[in-house]
Amino acid sequence: EDDDSVGEALVDALSQVGHAPVRMRRGADLLLGHREVDLVLLDLGLPDDDGMTILRRLRGVSEVPVVVLTARDDERSVVRALRAGADDYVVKPARLGELRARIEVAARRRRDVSGADDQVVESGDIVVDLAARRVDIAGVEIALAPKEFEILAHLVARRGEAVSRQELMDAIWGDAYVAISRSLDVHMTSLRAKLGRPDAIATIRGYGYRWSC
């Protein structure tokens with residue numbers, strides 16, 4: 001939120017009901033700092049870029065809950081935001097009670113989805129224990145470098161889904177927009193060699209990867 005009066009009012013109101021809001025004025029600040037927050041309230045009228053563009057870029061690297069909070073009340077904007085990955089859409093001026101409820105629902109929905117993931121994933125003779133950070137193939141433990149395991153864990157946790165290169169770099173190196181793409185390529189090549197299963201990690205040309213074993 002770049003409007004000082006609105007931003008300060010939101011910070012005060014949310015602080016009074018137990019939240020710890022962090023105000024960001026630009027979309028770039030969100031893309032760099034989204035890993036430090038549990039939920040995003042996103043205005044669409046930002047000074048450095050349109051909020052819809054920021055939302056699409058954020059969704060390329062993160063599943064953090066997003067509630068759009070904007071003055072735009074036309075149906076086209078609502079539909080575009082929801083299709084771009086927003087969890088909810090609230091039109092200003094928002095009533096605090098309603099906003100709190102929508103924040104709680106969006107956060108709970110994401111927790112329910114992420115909490116359903118299994119901690120031990122078996123794919124044929126490959127067993128990945130996400131909690132223990134252990135990988136066994138045909139009963140034999142395979143030694144992986146820390147970032148190799150993190151790449152594998154991210155793909156396995158999203159098994160069957162397409163995962164973008166940006167999302168992987170953001171998850172492993174902390175920021176997809178400054179990470180070196182070559183680092184991902186090197187670690188991916190090494191990981192595939194250690195797994196010894198050429199088809200376990202499928203490459204999606206022009207997008208990213210998918211755990212398909």
Side-chain angles (χ1 to χ4, degrees), residues 1 14 19-24 26-44 46 49-70 77-90 99-121 123 128 130-131 133 146-147 149-179 181 184 187-188 201-204 206-212:
E1 175 61 67
L14 292 173
H19 293 288
V22 177
R23 184 183 167 201
M24 301 178 185
R26 304 180 308 144
D29 297 332
L30 172 59
L31 294 176
L32 291 173
H34 69 84
R35 291 170 62 86
E36 307 303 319
V37 300
D38 299 315
L39 182 140
V40 175
L41 282 178
L42 178 65
D43 186 20
L44 297 183
L46 299 174
D49 211 336
D50 183 73
M52 209 72 75
T53 300
I54 297 300
L55 174 59
R56 283 192 291 267
R57 293 183 65 186
L58 178 65
R59 274 294 169 258
V61 298
S62 174
E63 291 299 315
V64 62
V66 176
V67 176
V68 170
L69 179 62
T70 179
S77 293
V78 177
V79 172
R80 288 181 63 205
L82 294 176
R83 285 179 174 172
D87 293 89
D88 207 342
Y89 193 104
V90 182
L99 182 59
R100 286 177 58 193
R102 290 179 181 271
I103 288 173
E104 291 166 3
V105 170
R108 184 170 61 247
R109 184 185 303 128
R110 291 286 178 176
R111 284 197 302 269
D112 290 345
V113 172
S114 61
D117 291 340
D118 295 330
Q119 290 299 298
V120 178
V121 180
S123 297
V128 182
L130 300 175
R133 297 179 65 89
K147 290 195 182 305
F149 182 84
E150 289 169 18
I151 292 171
L152 176 64
H154 197 83
L155 292 172
V156 166
R158 301 274 302 277
R159 54 195 179 280
E161 299 180 26
V163 178
S164 71
R165 288 177 60 87
Q166 281 189 334
E167 179 179 340
L168 269 178
M169 288 188 291
D170 185 81
I172 309 308
W173 282 273
D175 183 4
Y177 300 100
V178 299
S181 182
L184 175 58
H187 284 84
M188 183 63 72
I201 301 175
T203 296
I204 303 173
Y207 184 78
Y209 306 94
R210 180 180 61 246
W211 179 257
S212 57

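As a basis for the values below, the full set of heavy atoms in this structure was taken, side chains included, without hydrogen atoms, waters or symmetry mates.
Summarising the geometry, atom CD1 belonging to Ile204 is positioned 10.5 Å from atom CD belonging to Glu161; distances are rounded to the nearest 0.5 Å. Distance check, rounded to the nearest 0.5 Å: CG of Leu184 to CZ of Arg165 gives 4.5 Å. Remark: Asp49 CG to Ile54 CD1 distance equals 4.5 Å, nearest 0.5 Å. Between the NE2 atom in His187 and the CD atom in Glu150 there is a gap of 9.0 Å [rounded to 0.5 Å]. Between the CG atom in Leu152 and the CZ atom in Arg133 there is a gap of 10.5 Å [rounded to 0.5 Å]. The CG atom of Leu168 sits 12.0 Å away from atom NZ of Lys147, with the distance rounded to the nearest 0.5 Å.
Shown are Thr70, Leu69, Ile103; of these, the side-chain contact (heavy atoms from CB on, under 4.5 Å) with Val90 is made only by Leu69.
Remark: side-chain polar atoms of Arg59 are paired, donor with acceptor, to backbone N or O of Val64 under 3.5 angstrom. Although no hydrogens or angles enter the test, the distance criterion places a donor-acceptor pair under 3.5 Å between the side chain of Asp87 and the main chain of Val66.
Here Asp38 pairs with nothing under the side chain to side chain donor-acceptor pair (under 3.5 Å) rule; sequence neighbours left out. Among residues two or more places apart in sequence or in another chain, the side chain to side chain donor-acceptor pair (under 3.5 Å) test is passed with Ser123 by Trp211. Evaluation of the side chain to side chain contact (heavy atoms under 4.5 Å, CB included) rule for Arg56 yields Met52, Thr53, Arg80, Ala84 as partners, not counting sequence neighbours.
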* side-chain contact (heavy atoms from CB on, under 4.5 Å) evaluation trace for Arg57 with Leu31 -> CA-CA 8 Å; Arg57 293 183 65 186; Leu31 294 176; 3.6 Å; yes
* Begin with the C-alpha distance, continue with both residues' side-chain angles, and end with the deciding distance and a verdict on side chain to side chain donor-acceptor pair (under 3.5 Å) for Arg102 and Tyr89. => CA-CA 9 Å; Arg102 290 179 181 271; Tyr89 193 104; over 6 Å; no
* Could you go through the side-chain contact (heavy atoms from CB on, under 4.5 Å) check for Met188 and Ile151 one step at a time? => CA-CA 8 Å; Met188 183 63 72; Ile151 292 171; 3.8 Å; yes
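The two atoms that bring Leu42 and Gly51 nearest to each other are CD2-O, 3.7 Å, heavy atoms only. Gly33 approaches Met24 most closely through the heavy-atom pair O-CE, 4.0 Å. Heavy-atom minimum distance, Ala202 versus Ser212: CB-OG, 3.7 Å. Looking at every heavy atom in both residues, Pro21 comes nearest to Leu14 through CG-CB, 4.1 Å. Considering every non-hydrogen atom in both Leu39 and Ala106, the closest pair reads CD1-CB, 4.1 Å. In terms of heavy atoms, Ala81 sits closest to Val68 at CB-CG2, 4.2 Å.
For the pair Val22 and Glu36, the minimum side-chain heavy-atom distance is 4.5 Å or more.
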